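Since the structure comes first, as structure tokens, the remarks are kept for the end.
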There are 2 protein chains.
Amino acid sequence: MRERSRPSAARASGAPAIVSLDLVCCAAAGRHLAVLVRSGGRASAMMLPWTALDPATAIDAAAARFAREQLGRAPVWIAQVGASGDGRRHPSGASLSVCYVAVLPAGTPAPDGMEWVAAPDLTGLASRQQAMVPAAVAALRDRMDIAPIAFRMLAPEFTLSELQQVYELLLGRRLHKASFRRALQGAYLVEPTDSWRSEGRGRPAQLFRYAPRKRRGVRRSVRFELLG
Amino acid sequence: MRERSRPSAARASGAPAIVSLDLVCCAAAGRHLAVLVRSGGRASAMMLPWTALDPATAIDAAAARFAREQLGRAPVWIAQVGASGDGRRHPSGASLSVCYVAVLPAGTPAPDGMEWVAAPDLTGLASRQQAMVPAAVAALRDRMDIAPIAFRMLAPEFTLSELQQVYELLLGRRLHKASFRRALQGAYLVEPTDSWRSEGRGRPAQLFRYAPRKRRGVRRSVRFELLG
DNA sequence: GACTTAAGTCGCAGAAAGATACTAATTGCG
DNA sequence: CGCAATTAGTATCTTTCTGCGACTTAAGTC
């Protein structure tokens, strides 16, 4: 089990780290989803931020605190992806790793010692961490229709085109503009502001903010389409 | 940290168990979802089946093997629910627990030392295990439209009314018969057999089997309804 | 002023989903 | 036997949802 540079928190007690807590921090960046990696000195030694899990602390709280420490600020959203532990390598040598996915607004600068890498370009991680990235992205995609993840990836005031781009990013496919806006309108999730933003060429876009209004619980119909 | 009767596998080595692997085994039982519990001698000392996680084994494989051991057969479906570790109590005293949800066909008899308890009646578990039950049910509900969970909860040949009852069980609401069948028909997931089953009162029902046919990938539209 | 680009809107055609009502086949009972 | 009760399965109508192309609006560019 090889070891290179590791975060100072790891194995501080001298006891071997049994369980690691790993973080996939995501932000929208143009057409890609960017992930924060710690580049340990050389470019080839990239790793996701991780720490040894303190058995005395609640794990969700530990993840939130670790994210705040690493980012210098609280993420706008965080959730557990899952636990993984098998033959694949982890920088810590931990036999078990619990992965969390955190979301930051687009344009957040990378903290010292870290950098944003587009998710598809992210290679060369230890194999267990490598597998966490698609799992974290899938977790985002799966939960974006029950939590306002896409909205949190934007500044508090945003254009509907920006929002649509985030949805297209996470879903991995293009959406139809009119249909997207109609669905959004019907959900009473945003309210217009008085501001407009002119960005280069075309007509200025109106700015909106996330302001969900209470609605009676809508129950979706049974979907067999993805089964099989 | 109190301890009562525990499975023999736990702490066999004498070292304290750091991570537990817990199992929520589910089966449809009438109008309720039933969960397998180990009733340790007295009725009050119920617990979910759990074991100490062996750091040397891949966790998914360990969960599958533990389920097979406990059930005397392989479950028809199993998936990880997540890791939980906080102040709440666990029978093992473990600081971290990884929960898996397993599915068995309706009517499966409880193994020795275990019994089926309807999920709503399941109280008196250690608090961390208590929280696993709704989380496991939610995991089933969330994944039933991407994995054939409902079909696996039935015998290989089943009636459409039985299938609908399972869906209603997992979704927690009534479905419309005609709409359910129309959607099922359109998904090409089942094929009729030549058998019919007469069960007491009304008209005999035709038996179907799960036989998904390949279809082009259907992409669902953006859903904002559950957001907010 | 004409062209380009992007934002935002309109309306239609087809698909999907809900409801009601209907037919069909069996058991229970007088 | 004949009829009510019960459950399975189907037909049809209506409403809603969704994909899509076409359109208008407002800016920059030449």
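Predicted model only: the values in this text are computed from it and were never measured. Per chain, numbering begins at 1; letters A, B, ... match sequence-line order. Computed from heavy atoms alone, side chains included, the values below leave out hydrogens, waters and symmetry copies.
Side chains of A:Gln164 and A:Arg181: a donor-acceptor N/O pair is absent below 3.5 angstrom, by distance only. With hydrogens and angles left out, the side-chain atoms of A:His90 and A:Asp22 include a donor and acceptor closer than 3.5 Å. For the 3.5 Å distance criterion, the side chains of A:Ser97 and A:Ser20 qualify, holding a donor opposite an acceptor. A:Arg88 and A:Gln129 form no side-chain donor-acceptor contact under 3.5 Å, judged by distance and modelled atom types alone.
Contact annotation for B:Gly186: no contact, since no heavy-atom pair falls under 4.0 Å across all strands. At a threshold of 4.0 angstrom between heavy atoms, the contacts of A:Ala178 include nucleobase atoms, whether or not backbone atoms are also involved. Counting any heavy atom pair closer than 4.0 Å across all strands shown, B:Ser161 reaches sugar-phosphate atoms only and no base atom. Residue B:Gln206 is classed as a sugar-phosphate contact, given heavy-atom separations below 4.0 Å to backbone atoms only.
Between the C1' atom of C:dA16 and the CG atom of B:Leu184 lies a distance of 15 Å, rounded to the nearest Å. Distance, B:Phe224 CZ to D:dT16 P: 21 Å, rounded to whole Å. Atom CZ of B:Arg197 and atom C1' of C:dT27 are 17 Å apart (whole Å). The distance from atom CZ of B:Arg174 to atom C1' of C:dG18 is 15 Å, rounded to the nearest whole Å. A straight line from CD of B:Gln185 to P of D:dT10 spans 7 Å, rounded to a whole angstrom. At whole-Å resolution of the value, NE2 in A:His176 and P in C:dA6 are 16 Å apart. Rounded to whole Å, the distance from NZ on B:Lys177 to P on C:dA17 is 19 Å. In this entry the distance linking CZ of B:Phe180 with C1' of D:dA11 reads 19 Å, nearest Å.
Of the candidates A:Leu33, A:Val101, A:Leu122, A:Leu122 is the only one forming a side chain to side chain contact (heavy atoms under 4.5 Å, CB included) with A:Val133.
In terms of position on DNA chain D, the residue among B:Leu207 and B:Val222 whose nearest nucleotide sits closer to the 5' end is B:Leu207. For the pair A:Gln165 and A:Arg201, nearest-nucleotide mapping onto DNA chain C gives the more 5' position to A:Arg201.
Contact annotation: B:Arg203 side-chain N/O to D:dG9 OP1/OP2 distance is not under 4.0 Å. Regarding contacts with the backbone of D:dT18, a side-chain N or O of B:Arg223 is found under 4.0 angstrom from either OP1 or OP2. Remark: A:Ser221 is in phosphate contact with C:dA17, judged by side-chain N or O atoms under 4.0 Å from OP1 or OP2. A:Ser179 has no side-chain polar atom (N or O) that falls below the 4.0 Å cut-off from OP1 or OP2 of D:dT18.
Note: B:Phe208 and B:Phe158 fail the aromatic proximity criterion, with ring centroids not under 6.0 Å apart.
Counting heavy-atom neighbours within 6.0 Å of A:Arg213 CZ, excluding the residue itself, gives a total of 12 or less.
The base of D:dG19 is paired with the side chain of A:Arg182 by a donor and an acceptor separated by under 3.5 Å.
A:Ser84 and A:Met132 make their closest contact through OG-CE, 4.0 Å (heavy atoms, listed as atom of the first residue, atom of the second, distance).
For the helix from C:dG1-D:dC30 to C:dG30-D:dC1, the rotation axes defined at the first and last 5 base pairs enclose an angle of 10°, given to the nearest 10°.
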